[in-house]
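Report on the following structure.
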Amino acid sequence: MTNPPYLDGLNEPQKQAVLHTDGPLMVLAGAGSGKTRVITHRIVHLIHQGVAPHNILAVTFTNKAAKEMRERAEKLTREYWPSDRAVIDSLPVVTTFHALGVRLLREFHDAMGLRRHFVIYDRSDSQKAVKKAIEDAGYNPKEFEPRKILSMISRAKGDAMTVLEYKDAANSYPEQVTAEVWEKYDETLRAEQALDFDDLLAKTLKLLKSNPSVRETLQKRYQYLHVDEFQDTNRVQFTIMELLAGETQNVCVVGDIDQNIYSWRGADIKNVLQFEKHFPRTTTILLEENYRSTGTIIAASNDVIKKNQNRVDKTVFTNNQVGEKITLYAGMTGADEAEYVALKAQTLIEEGVDPAAIAVLYRTNFQSRSLEESFLNFGVPYQLLGTKFYERKEVKDVLSYLRLALNPGSNADLVRVINNPTRGIGKVTMLKVVEGKRGELNAGAAAKVKVFDDIMTDIADCASKKPLSDTIKFIMKRSGLEDNLKEEGTEEALERIENLRELVTLASRFNDLEPSEAVEQLLETAALQSDQDEMKNKEEHNAVRLMTVHAAKGLEFETVFITGLEEGLFPHERLDDGRIDQEEERRLFYVALTRAKQKLYLTYAHMRTIFGSQRINVPSSFLNDISTEHVEMDEPDGFGGGSGYETTVYLD
């Protein structure tokens with residue numbers, strides 16, 4: 001009997017993973033080993049076996065990854081069943097964890113006491129609410145930094161803790177303060193009918209745990225589960241997966257423990273290490289063949305990662321060519337290093353390398369400034385992953401109008417737009433409106449508020465009837481935002497109008513949906529957007545990519561520069577306690593190395609100005625992990641010749 005065509009081109013371990021359909025399966029996949037291919041082909045195999053597409057769920061971490069997986073699955077499905085409308089019209093659910101949470105909480109909102117149109121707080125909304133909660137709890141936001149308190153709350157929610165459990169377990173003063181602030185923060189969220197990013201998962205878990213009928217409904221609906229990037233899951237995500245899997249345990253997890261780089265965000269490495277304990281019937285398959293990188297890059301990355309203790313032993317190999325040696329460059333200063341990178345990128349582009357196929361990676365955001373400066377000086381086209389489109393003030397303003405039209409109880413949005421642009425509504429008036437004390441307003445203030453109410457009524461009316469792009473245009477005009485920016489007339493104001501016009505373009509993607517559903521989809525997309533999605537939106541710019549290593553995860557480039565390879569910078573020393581998590585930092589370096597397909601450059605500086613002071617650097621200990629046979633030195637101008645790492649300068 002001949003193999004079905006969707007098995008063609010798969011290696012033996014990939015084939016085993018695709019054909020294993022029933023019971024728990026863990027696929028430990030090395031970098032560039034085709035794990036997305038395994039999931040998509042496995043989905044097609046399940047459909048081939050008679051599983052209805054809508055009974056298959058695949059979950060990953062970024063919108064970009066979900067979109068890529070969805071498109072691949074749909075393409076394969078249409079290839080194998082070109083005329084079967086039942087299959088084509090009933091596609092598998094491929095989504096992110098957070099988007100799945102939104103989907104389930106909207107569907108079962110009654111069970112959770114939520115409005116269907118609940119507000120999703122982004123990070124800055126949450127930070128503002130936490131700042132207010134700190135003040136309401138009687139503390140000073142200057143003493144207790146809102147960002148840090150929010151991070152502690154976020155971590156606890158990711159560990160599946162409730163505020164009461166956290167309060168009971170608090171055994172330090174900062175934790176006790178966080179517990180009090182969390183209670184006040186929760187009150188704000190409830191009053192606003194809002195959920196923050198972590199609630200999208202925590203409330204989904206609560207929905208599944210406390211509603212047996214909902215849980216059974218979803219277990220019947222999602223009979224086959226797939227979790228991509230499994231090493232990045234936290235406790236809440238793991239438990240959601242466990243509850244959805246139910247007794248059949250038809251769950252396939254795919255991940256790489258060597259790419260676990262988000263423990264600071266709650267990702268729990270134990271989810272991989274202890275998977276077989278939770279699912280005793282697990283079949284484990286290793287994908288060790290890399291299809292992305294040269295033999296040299298793979299050998300170097302193996303040299304690095306084998307030093308880690310907390311891992312499942314596997315050795316990645318490739319049948320690709322050996323390729324060029326890795327180039328190591330040591331600049332005298334950070335500026336020298338940045339200049340080298342920009343000039344080398346310029347040379348590569350002149351030699352015919354596509355600018356977008358080059359990435360410059362760094363461990364922390366501050367490193368981008370000197371790199372940007374050099375790229376500008378030498379006229380090398382670059383694209384920096386910076387402020388996300390949906391985080392821009394003018395875009396957030398329009399989205400606030402839209403959210404408020406949908407959910408008039410959203411005080412955070414009301415406060416943002418009631419006097420934006422200026423309508424002469426002062427803080428006292430605003431406070432009375434928020435507190436529902438409109439009857440106490442004098443005639444002048446009441447008239448101004450009436451003008452705003454009329455604007456919101458018109459926007460709500462438009463949003464319920466018109467295509468979404470028309471609604472965005474209407475908000476720009478009716479709110480006065482567009483005219484206000486035109487009157488300002490500065491370059492920055494004109495750029496902001498261009499951003500709003502780009503929002504209209506983005507909104508037009510949802511024009512074929514019912515107006516209310518289109519609004520939901522846009523607001524959901526804005527709330528769940530990630531750095532990589534932001535880059536995807538700009539990929540028409542043919543330019544060198546500048547980004548952190550974290551932002552580069554899941555991406556690949558022909559040529560990669562890894563900069564700032566100095567002890568304390570990469571591996572990174574935490575600012576608060578000076579600690580270095582060697583294993584996680586090594587995994588991060590491994591991720592950086594394995595982004596490269598053809599050529600790697602590693603760079604560092606003997607001296608670097610950090611926080612206004614010049615620092616003498618020791619080269620990163622990670623450089624010593626790589627066998628010298630894989631590396632060649634590129635000498636900076638003015639340094640003597642030679643090979644190996646002998647240009648290293650140590651100064652007392």
Side-chain angles (χ1 to χ4, degrees), residues 4 6 17-25 36-63 65-111 116 200-201 204-205 207-208 211-228 230 237 240-254 510 512-514 516-518 520-521 524-525 528:
Y6 55 79
V18 167
L19 295 173
H20 181 286
T21 52
D22 294 318
L25 172 68
T36 307
R37 185 182 173 91
V38 164
I39 295 175
T40 51
H41 285 248
R42 191 173 188 272
I43 288 169
V44 172
H45 176 64
L46 287 167
I47 297 169
H48 185 250
Q49 296 296 103
V51 178
H54 61 265
N55 290 143
I56 301 169
L57 171 67
V59 190
T60 187
F61 275 80
T62 66
N63 293 323
K67 182 173 182 283
E68 183 185 328
M69 199 183 291
R70 191 182 305 117
E71 285 171 353
R72 282 206 213 174
E74 288 177 11
K75 184 173 180 286
L76 285 167
T77 304
R78 290 194 170 95
E79 275 177 24
Y80 299 131
W81 295 276
S83 55
D84 190 336
R85 294 306 313 171
V87 170
I88 292 168
D89 293 342
S90 164
L91 291 164
V93 177
V94 184
T95 185
T96 64
F97 268 107
H98 289 91
L100 177 67
V102 173
R103 179 191 288 238
L104 298 182
L105 292 171
R106 288 214 199 282
E107 182 178 349
F108 300 104
H109 62 98
D110 285 337
R116 177 175 166 76
L200 298 178
L201 301 177
T204 300
L205 178 56
L207 172 72
L208 293 169
N211 295 275
S213 62
V214 171
R215 186 168 67 244
E216 284 164 27
T217 298
L218 293 171
Q219 285 169 350
K220 281 177 190 162
R221 180 187 300 173
Y222 303 129
Q223 292 170 19
Y224 288 87
L225 271 64
H226 302 77
V227 181
D228 190 20
F230 183 61
Q237 288 158 334
I240 288 170
M241 176 203 75
E242 207 171 15
L243 290 171
L244 286 175
E247 288 180 15
T248 62
Q249 296 192 345
N250 289 332
V251 58
C252 164
V253 300
V254 182
F510 305 103
D512 56 342
L513 300 174
E514 284 295 310
S516 62
E517 193 186 341
E520 272 182 19
Q521 288 287 318
E524 191 177 310
T525 301
L528 304 183

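Heavy-atom basis, side chains included; hydrogens, waters and symmetry copies ignored. Please read all numbers here as calculations on a predicted model, not as lab measurements.
- A pairwise comparison of heavy atoms in His109 and Arg106 identifies CD2-O, 2.9 Å as the closest pair.
- For the pair Asn63 and Thr96, the minimum side-chain heavy-atom distance is below 4.5 Å.
- None of Arg70, His226, Met69 except one satisfies the side chain to side chain contact (heavy atoms under 4.5 Å, CB included) rule with Thr40; the exception is Met69.
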Evaluation steps, side chain to side chain contact (heavy atoms under 4.5 Å, CB included), between His41 and Arg72: CA-CA 9 Å; His41 285 248; Arg72 282 206 213 174; over 6 Å; no
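- When side chains are defined from C-beta on, Leu57 counts as touching Thr95, because their heavy atoms get closer than 4.5 Å.
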What's the verdict on side chain to side chain contact (heavy atoms under 4.5 Å, CB included) for Val227 and Phe97, showing C-alpha distance, side-chain angles and the deciding distance? CA-CA 9 Å; Val227 181; Phe97 268 107; 3.9 Å; yes
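- No side-chain heavy atom of Gln223 sits less than 4.5 Å from a side-chain heavy atom of Asn250.
- The side-chain heavy atoms of His98 and Leu201, taken from C-beta on, include a pair separated by under 4.5 Å.
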As a quick check of understanding, evaluate salt bridge (charged side-chain N to carboxylate O under 4.0 Å, His left out) for Glu71 and Lys75, giving each step before the final call. CA-CA 6 Å; Glu71 285 171 353; Lys75 184 173 180 286; over 6 Å; no
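- Proximity of Leu205 to Leu243: side-chain heavy atoms (C-beta onward) are separated by under 4.5 Å at one or more points.
- When all heavy atoms of Asn211 and Ala111 are compared, the pair lying nearest together is OD1-CB, 3.9 Å.
- By the 4.5 Å heavy-atom criterion applied to side chains, Leu100 and Thr204 are not counted as neighbours.
- Looking at Asn55, its side chain never comes within 3.5 Å of a backbone N or O of Tyr222 through a donor-acceptor pair.
- Of all non-hydrogen atoms in Val254 and Cys252, the two that sit nearest each other are CG2-SG, 3.9 Å.
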Salt bridge (charged side-chain N to carboxylate O under 4.0 Å, His left out) between Arg103 and Glu524, intermediate numbers included: CA-CA 10 Å; Arg103 179 191 288 238; Glu524 191 177 310; over 6 Å; no
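- Remark: side-chain polar atoms of Asp228 are not paired, donor with acceptor, to backbone N or O of Val59 under 3.5 angstrom.
- For the side chain to side chain contact (heavy atoms under 4.5 Å, CB included) with Ile47, the lone residue among Leu91, Ile56, Leu76 that qualifies is Ile56.
- Here Leu225 contributes atom CG and Gln249 contributes atom CD; the two are 11.5 Å apart, rounded to the nearest 0.5 Å.
- How far CZ of Phe108 is from OG1 of Thr217: 5.5 Å, rounded to the nearest 0.5 Å.
- When side chains are defined from C-beta on, Tyr224 counts as touching Val51, because their heavy atoms get closer than 4.5 Å.
- Side-chain contact between His45 and Gln49: present, with at least one pair of heavy atoms (C-beta onward) separated by less than 4.5 Å.
- Using modelled atom types, one side-chain atom of Arg42 and one backbone atom of Ala17 make a donor-acceptor pair closer than 3.5 Å.
- Atom OG1 of Thr62 and atom NZ of Lys67 lie 11.5 Å apart (nearest 0.5 Å).
- Minimum heavy-atom separation, Arg116 to Glu107: NH1-N, 4.3 Å.
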